[in-house]
Amino acid sequence: MSDYTDTPELKRRREELVNHLRGRGIKDERVLSAMLKIPRHFFVPPEFIDEAYNDYPLPIGAGQTISQPYIVALMTEALNVENVHNVLEIGTGSGYQCAILAELAKEVYSVERIPELAERAIKVLDQLGYSNVKVKIGDGTLGWPEYAPYDRIMVTAGAPKIPEPLLEQLVVDGIMVIPVGDEYSQELLVVTKVSEDGKVRVKSLGGCVFVKLRGEHGWR
Ligand code: SAH
């Protein structure tokens with residue numbers, strides 16, 4: 001991974017990106033400082049390093065994408081992660097969102113269904129020294145029962161509905177951020193579990209477009 005070093009120029013672009021996110025309304029300084037710290041360019045294919053600090057998604061292989069920085073910031077801010085929290089992420093992809101969560105949480109558990117993406121993400125996260133992250137290959141619509149319950153759950157692929165196992169693995173008063181909709185567009189939902197029998201309070205952050213959440217409780 002000799003291509004991946006940080007430089008003053010890339011640091012400067014990262015600062016510009018964070019200022020841009022402030023301008024777009026992101027206020028949580030914990031989120032902004034995580035985004036200032038983490039080299040997003042480590043998480044993109046070498047040919048896209050130059051574009052890593054622009055505010056749009058980029059291809060990461062296997063037909064998948066690393067989310068747009070604004071969406072990462074918006075979802076992370078809405079998740080309101082504290083340093084005592086156990087967090088579950090579904091859709092590791094590049095591992096970038098996972099690194100942001102690892103800066104804010106106590107432990108992060110992330111599930112990715114495509115082995116080569118998971119393996120590459122694990123390498124980058126190791127290189128950056130994150131020891132509070134576990135990544136597994138599998139169907140994230142089933143959650144990760146072994147480490148449940150979770151204080152926070154973030155789903156980074158578009159779901160047809162809220163997967164039941166994820167709601168079950170969330171603590172009462174816990175928050176899940178998940179894009180829900182059809183194949184072409186979704187609404188970014190902030191779901192708070194209000195009781196053990198699965199009652200929820202739902203708020204929408206607006207429209208978005210994600211790759212499909214595929215699996216037993218997702219798209220078939
Ligand atoms: N959080 C990622 C975004 C990746 S895009 C990042 O920061 O780069 C969404 C990812 O969800 C894709 O990698 C896709 O393979 C994965 N995915 C889709 N359905 C899944 C499922 N059921 N379980 C786990 N991962 C899934």
Side-chain angles (χ1 to χ4, degrees), residues 4 17 21 31 34-35 38-45 48-49 51-79 81 87-105 108-125 128 130 133-147 150 152-167 169 176-181 183 186 188 208-220:
Y4 293 93
L17 173 64
L21 296 173
V31 175
M35 294 187 75
I38 298 167
R40 186 172 187 260
H41 67 276
F42 279 40
F43 296 88
V44 304
F48 292 115
I49 288 176
E51 292 176 71
Y53 298 105
N54 298 346
D55 195 12
Y56 46 73
L58 290 168
I60 54 172
Q64 309 302 317
T65 53
I66 177 173
S67 304
Q68 174 188 359
Y70 173 68
I71 293 292
V72 170
L74 186 67
M75 291 176 83
T76 311
E77 185 170 70
L79 205 60
V81 179
V87 178
L88 175 67
E89 181 197 23
I90 307 305
T92 317
S94 68
Y96 177 67
Q97 175 71 71
C98 190
I100 303 276
L101 294 170
E103 286 289 332
L104 305 173
V108 181
Y109 301 91
S110 187
V111 186
E112 170 56 54
R113 60 181 284 276
I114 301 177
E116 54 271 35
L117 294 180
E119 278 150 23
R120 160 112 190 94
I122 291 168
K123 265 194 201 140
V124 182
L125 291 164
L128 291 172
Y130 289 104
V133 172
K134 283 192 175 64
V135 176
K136 93 163 173 178
I137 298 164
D139 178 2
T141 69
L142 302 171
W144 193 341
E146 198 181 342
Y147 298 101
Y150 301 98
R152 299 289 187 261
I153 298 179
M154 184 185 285
V155 181
T156 65
K161 59 179 178 11
I162 299 168
E164 201 53 47
L166 298 185
L167 210 48
Q169 291 170 34
M176 169 167 20
V177 175
I178 178 170
V180 175
E183 298 171 43
Q186 304 87 35
L188 201 46
C208 55
V209 182
F210 279 81
V211 298
K212 275 191 203 165
L213 182 73
R214 293 179 187 275
E216 199 171 317
H217 298 265
W219 295 100
R220 294 300 189 120

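This is a predicted model, so every value here is computed, not measured. In what follows, every heavy atom counts, from backbone to side chain, and hydrogens, waters and symmetry copies are set aside. The residues of the chain are indexed from 1 along the displayed sequence. Each ligand, and each atom within it, is numbered from 1 in the order the structure gives.
Using cut-offs of 30° and 60° for the angle between ring planes, the Tyr4 and His41 rings count as parallel.
Although no hydrogens or angles enter the test, the distance criterion places a donor-acceptor pair under 3.5 Å between the side chain of Tyr53 and the main chain of Arg40.
Ordered by chain and residue number, the residues placing a heavy atom less than 4.0 Å from ligand 1 are Gln64, Thr65, Ile66, Ser67, Glu89, Ile90, Gly91, Thr92, Gly93, Ser94, Tyr96, Gln97, Val111, Glu112, Arg113, Ile114, Leu117, Gly138, Asp139, Gly140, Thr141, Thr156, Ala157, Val211, Lys212, Leu213, Arg214.
If you take CG on Leu79 and CD1 on Ile178, they are separated by 12.0 Å, rounding to the nearest 0.5 Å.
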Item to complete: Could you check Ser67 against Phe210 for side-chain contact (heavy atoms from CB on, under 4.5 Å), going step by step and ending with a plain yes or no?
Response: CA-CA 8 Å; Ser67 304; Phe210 279 81; 3.9 Å; yes
Item to complete: I would like to know whether Glu51 and Val44 meet side-chain contact (heavy atoms from CB on, under 4.5 Å); could you show each step before the answer?
Response: CA-CA 9 Å; Glu51 292 176 71; Val44 304; over 6 Å; no
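Residues meeting the side-chain hydrogen bond (donor to acceptor under 3.5 Å, both in side chains) test with Glu119, sequence neighbours left out: none.
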